[in-house]
Amino acid sequence: MTLQTLVNVTNQLFHPLSFNTEPLSITLIAMGLIVLFLVAIGGMVYGLFKAVKAVPNLTTKQFILFLLLLAVGLVVVGILLP
């Protein structure tokens, strides 16, 4: 759903009340994006803490696999950034 579609739907719902819903729609979308961003950041921090705690207990094969996955992740991020 695009922002304009959401604005049109909310305007139709609140039209009888003579209430301008565009600022409300933009505010709700911004709050939703902020919550999604915070959840993503929290998940990354949690994953990093779990990885830091697990690395000293890994076997050699597991550590090499961890490094391989880390390298692949960095390459994927490097490709997606530009």
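Nothing here was measured: the structure is a model prediction, and the numbers come from that model. Values reported hereafter were calculated over all heavy atoms of this structure, with side chains retained and with hydrogens, waters and symmetry mates removed.
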Check: Which one of I34, I29, T27, V35 satisfies the side chain to side chain contact (heavy atoms under 4.5 Å, CB included) criterion with M31?
Finding: T27
Next item on the list: Give the cluster check for F66 versus V72: same hydrophobic cluster or not, with ILVMFWY residues linked at side-chain heavy-atom distances below 4.5 Å.
Entry: no
Notebook entry, point to check: Quick one: do M44 and F37 end up in the same hydrophobic cluster if we chain Ile, Leu, Val, Met, Phe, Trp and Tyr together by side-chain heavy atoms under 4.5 Å apart?
Noted result: yes
Notebook entry, point to check: Can you tell me how far CZ of F63 sits from CG of L68, rounded to the nearest 0.5 angstrom?
Noted result: 12.0 Å
Output a table of donor-acceptor pairs, distance under 3.5 Å, between side-chain atoms of residues 48-57 and any protein atom two or more places apart or on a different chain; print 'none' if there are none.
none

Check: How many angstroms lie between CG in L33 and CG in L28, if you round to the nearest 0.5 Å?
Finding: 11.0 Å
Next item on the list: Can you spot which of V75, L81, V77 makes a side chain to side chain contact (heavy atoms under 4.5 Å, CB included) with I79?
Entry: V75
Item checked: OG1-CG distance between T60 and L65, expressed to the nearest 0.5 angstrom -> 12.5 Å
